[in-house]
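Below you'll find the structure, written out as structure tokens, and then a few comments.
In what follows, chains are A, B, ... by sequence order, proteins preceding strands, each numbered from 1.
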Amino acid sequence: MSTQPPAAPRPAAQPGTALTGLTPGAPVAVVVTGDGLALASAAGSDWLATHDPATELARLDAEARPRWVWWSAREALAGVLAARPDLRLTRCWDLAAVHRLLHGGAADDPSQAWAAARGLDPATVPQPGRDDQLDLVFGAAAPATVDPGEPDDPDSPLQPDGHLRAGWAHGGWTGDPDRALTWARLALDAQQRQQQSIAEVGAGGDVLTTAWSESAAALLAEELAAGGLPVDVPEAERVVAGQVGPRPRDAAHAAELRRHRDQQVLRLVQGAGEVDLRSPQQVRTLLAGLGLDVPDTRSWRLERLREAHPVVTALLAWREADRYATTYGYRWLDEHVVAGRLRGRWSASDGGAGRMTAQAGLHSLPAALRTAVRAEPGHLLVRADLGQVEPRVLAAVSGDQGLARAAEEPDLYAPVAARLGVERAVAKIAVLAAMYGQTSGAAGQALAGMERGYPTAMRYLQAAHDAGRRGQPVRTYGGRLVRMWTLPGGDVAAPELSPAEQAAHRSAVAARGRFARNAVVQGSAAELFKAWAAVVRLRLAGLGGEVVLCLHDELLLQVPADRAQDAVRALHEGLGETAARWCRGPRVRFVADVAVVERWSDAKG
DNA sequence: TCGGTCACGTA
DNA sequence: CGTACGTGACCGAG
């Protein structure tokens, strides 16, 4: 098949050609529209008219076992999954997800992914909106790089300079089967180029496998957004009520309750009637009036002052309650819990190092609310978390044989303590300090032992640290490019800066080093976790279960009650398979702690 | 109305 | 001078 993208939409090919004679796993680009599916593969392309895309996709997935290629899982499937949250497609290639993996950064719209796949300068990607608006005023300007021998065809999805037209990158393919087919062919072309460029990425791990698992994670993110977390709403309201009382009748009642909560604190201090407890400045002034001088009013700092004045304890209780009045209260439940499911948007790799992110508070539910996360009738929750995942990941990515041997033990810190000749608690501090770049307190001297005991791992971390300080990007084990940010005054402090500015610059350089040091571990761990989640996701589909939450190193599943033990096995076996495929150097043991429960709170944290 | 800062929940 | 994220409040600049 030609690698040249089509210059203009072509008529639809003969029906049925795209999926004929394909081997399982062959890439098939799909574009979902309201009227049907546009399919493109090496075998040809098809328009498949349907108003039930979920059923068609499920059928084609089972029959042909393709690797679905889409610009993004969100573009292709968000609408489909909203209507059919139980749809489970097997394999995919997410152009946006792979683009972010290979090139870093947050921009992953089709025009960026296309430009990178074609080797075009991302800085010259046509901007949507701005140009269109200028065009309305001044008329369309000719592109600076236009080749006079190649007239600009406004129907083409591509500009003469090879970039995707802004309109196409932002939904211009809708409403017309021919345009949808063109959009699918472009996706297939971009997929081929992404896969070719993977071979050139220098990473410790298998980047192609990471492209697959990151794509699966992007699909899982859409499934999580559509499916949601099962919540026992009456129980959630009981937890909220325990902090802030019953649901207010109206705004005036809510204000009255709020004043009452405030008064429980303010009445303890003479003349504090007008102090706004939500203002850290005013709280600090209030405390200063009592002779309590604090640089800030963070709770860990106030915690030490409980004995100093009764208002401190009252304030800490107020803070906790205020959380339920604002962030995790009735409003939050009304807004995000529908039909017993807490739903939010998910991103598979939004974090700086590529962790999953979730909105609607899904990643920061207070522990007290875990009693309200409850399996639906006939089901159970299966909670699993990776034990000591970051030091085990460090062993794998750095290739440190000694640390890999330590990972053979269920408790990795025990053999580390033995090698360092220190208590287990000290060994743990040393390992964490090495990975996080902590140098203060007890960590400093513990680090010296790490340098002697695990020099390979420490060299790996130091290399990332140095790269980060210099402002150079680092790559995770799976190949994710993690970019550094530029410093306000450049990478080298100007000599004319004041001492304070010099110090600020040194601090900023150090922060970049710590970030990079942590990113290669945290980011690689995120990739291992997502690969595990992808394997578990597929095995669960066969059990009638679903992943309902991903929490960095923890998976929460809901499964039919009589399949819970099958799910437990799927978690353990899936982790073994994932680790075996993931480790290219010394084989590192990963362990999962698994519990079958009715409520999330029933599992130890 | 906006961005910065503070605070705090999770890993 | 341990990292990351999302959320909501205040506060000062515009």
Side-chain angles (χ1 to χ4, degrees), chain A residues 106 229 243 258 262 275-284 294-303 315-316 318-329 331-332 335-336 344-370 373 385-390 393-394 428-444 446-447 461 464-465 468-469 474 476 482 503-504 506-526 529 549-556 600 605:
Chain A
L229 183 69
Q243 291 285 346
R258 181 173 135 155
D262 293 1
V275 172
D276 184 351
L277 295 173
R278 291 157 194 82
S279 165
Q281 287 176 26
Q282 294 187 32
V283 169
R284 189 165 168 239
V294 282
D296 58 62
T297 71
R298 288 188 165 82
S299 59
W300 64 267
R301 215 183 282 283
L302 300 184
E303 205 60 57
L315 179 60
L316 286 167
W318 178 93
R319 281 259 176 86
E320 191 183 354
D322 194 53
R323 207 99 214 125
Y324 289 87
T326 55
T327 309
Y328 297 105
R331 188 181 64 186
W332 169 73
E335 196 171 331
H336 300 293
R345 286 175 74 123
W346 283 77
S347 163
S349 63
D350 232 16
R355 274 186 169 186
M356 296 180 89
T357 62
Q359 298 181 343
L362 280 157
H363 274 174
S364 46
L365 286 179
L369 272 169
R370 293 188 177 193
V373 177
D385 77 317
L386 298 175
Q388 304 168 341
V389 64
E390 292 195 337
V393 162
L394 175 60
K428 183 174 177 177
I429 289 171
V431 171
L432 296 177
M435 291 188 297
Y436 296 161
Q438 186 181 8
T439 54
S440 64
L447 277 175
L461 292 168
H465 192 101
R469 286 181 60 93
V474 292
T476 61
V482 180
R506 277 195 302 276
S507 163
V509 168
R512 228 164 38 176
R514 287 194 304 277
F515 170 75
R517 171 187 285 260
N518 182 250
V520 292
V521 178
Q522 186 192 96
S524 301
F529 173 80
L549 191 72
C550 294
L551 196 47
H552 306 314
D553 67 349
E554 178 174 351
L555 274 172
L556 195 65
W600 194 13

Would you say a side-chain N or O of A/Ser279 is under 4.0 Å from OP1 or OP2 of C/dC11?
yes
OP1 or OP2 of B/dA7 less than 4.0 angstrom from a side-chain nitrogen or oxygen of A/Arg298, does that happen here?
yes
Need one value for A/Gln522: base, sugar-phosphate or nothing, where a base atom within 4.0 Å counts as base even if backbone is also close, heavy atoms only.
base
Can you tell me which nucleotide in B/dA11, C/dC11, C/dT3 comes closest to the side chain of A/Asn518?
C/dT3
For B/dA7 and A/Thr297 - does any side-chain N or O of the residue sit under 4.0 Å from the phosphate oxygens OP1/OP2?
yes
Under 4.0 Å, counting only non-hydrogen atoms across every strand here, what does A/Asp322 touch: a base, just sugar-phosphate, or nothing?
nothing
A/Arg514 side-chain N/O to C/dT3 phosphate OP1/OP2 under 4.0 Å:
yes
Looking for any heavy atom pair under 4.0 Å, which part of the strands does A/Ala358 touch: base, sugar-phosphate only, or nothing?
sugar-phosphate
For a quick check of understanding: with a heavy-atom distance under 4.0 Å over all strands, which category does A/Ala433 fall into, base, sugar-phosphate or nothing?
nothing
Measure the CD-CG distance between A/Gln438 and A/Asn518 for me, rounded to the nearest 0.5 Å.
12.0 Å
Check every strand shown and say whether A/Arg517 touches a base, only sugar-phosphate, or nothing at a heavy-atom separation below 4.0 Å.
nothing
Roughly how far apart, to the nearest Å, are B/dG4 and C/dG2 at atom C1'?
23 Å
Has A/His465 got a side-chain atom pairing as donor or acceptor with A/Ala510's backbone, closer than 3.5 angstrom?
no
Is there a donor and acceptor pair closer than 3.5 Å between the side chain of A/Arg278 and the base of C/dC10?
no
Find the distance A/Arg258:CZ to C/dG8:P and express it as a whole number of Å.
15 Å
Does any donor-acceptor pair link the side chain of A/Arg355 with the base of B/dA11 at a separation under 3.5 Å?
yes
Counting any heavy atom closer than 4.0 Å, what does A/Gln282 reach on the DNA or RNA strands: base, sugar-phosphate only, or nothing?
sugar-phosphate
Quick one: A/Leu277 CG to B/dA7 P, roughly how many Å, whole number?
13 Å
Measure the distance from CG on A/Leu394 to P on C/dG2 and round it to the nearest whole Å.
19 Å
With respect to the side chain of A/Arg331, which nucleotide from C/dA4, C/dG6, C/dG8 is positioned closest?
C/dG8
Atom pair distance, as rounded to whole Å: CG in A/Leu315 and C1' in B/dA7
11 Å
Electrostatic pair A/Asp553-A/Arg355, nearest N-O below 4.0 angstrom
no
Within the pair A/Ser299 and B/dC8, is there a side-chain N or O less than 4.0 Å away from OP1 or OP2?
yes
Nearest heavy-atom approach of A/Arg331 to A/Thr326 is NH2-O, 3.5 Å
Considering only heavy side-chain atoms of A/Gln359, the closest of C/dG6, C/dA9, C/dC11 is C/dG6
Counting any heavy atom closer than 4.0 Å, what does A/Ala367 reach on the DNA or RNA strands: base, sugar-phosphate only, or nothing?
sugar-phosphate
Closest to side chain of A/Arg323, choosing from B/dT10, C/dG8, B/dG9:
B/dG9
Closest listed nucleotide, where the reference is the side chain of A/Glu554 and the choices are C/dT7, B/dA7, B/dA11:
B/dA11
A/Tyr328 OH to C/dG8 C1': how many Å, rounded?
10 Å
Need one value for A/Ser507: base, sugar-phosphate or nothing, where a base atom within 4.0 Å counts as base even if backbone is also close, heavy atoms only.
nothing
How about A/Arg301 and A/Asp296: do any of their side-chain heavy atoms sit closer than 4.5 Å?
yes
From CG of A/Leu461 across to C1' of C/dG2 the rounded distance in Å is 13 Å
Once you apply a heavy-atom cut-off of 4.0 Å, does A/Leu432 come out as touching a base, just sugar-phosphate, or nothing?
nothing
Answer whether the closest heavy-atom distance between the side chains of A/Leu556 and A/Leu229 falls below 4.5 Å.
yes
Output yes when a side-chain donor or acceptor of A/Ser524 lies under 3.5 Å from a complementary backbone atom of A/Val520, and no otherwise.
yes
Without decimals, in angstroms, what is the distance between A/Leu551 CG and B/dA11 P?
6 Å
Rounded to the nearest angstrom, tell me the gap between atom CZ in A/Arg301 and atom P in B/dC6.
12 Å
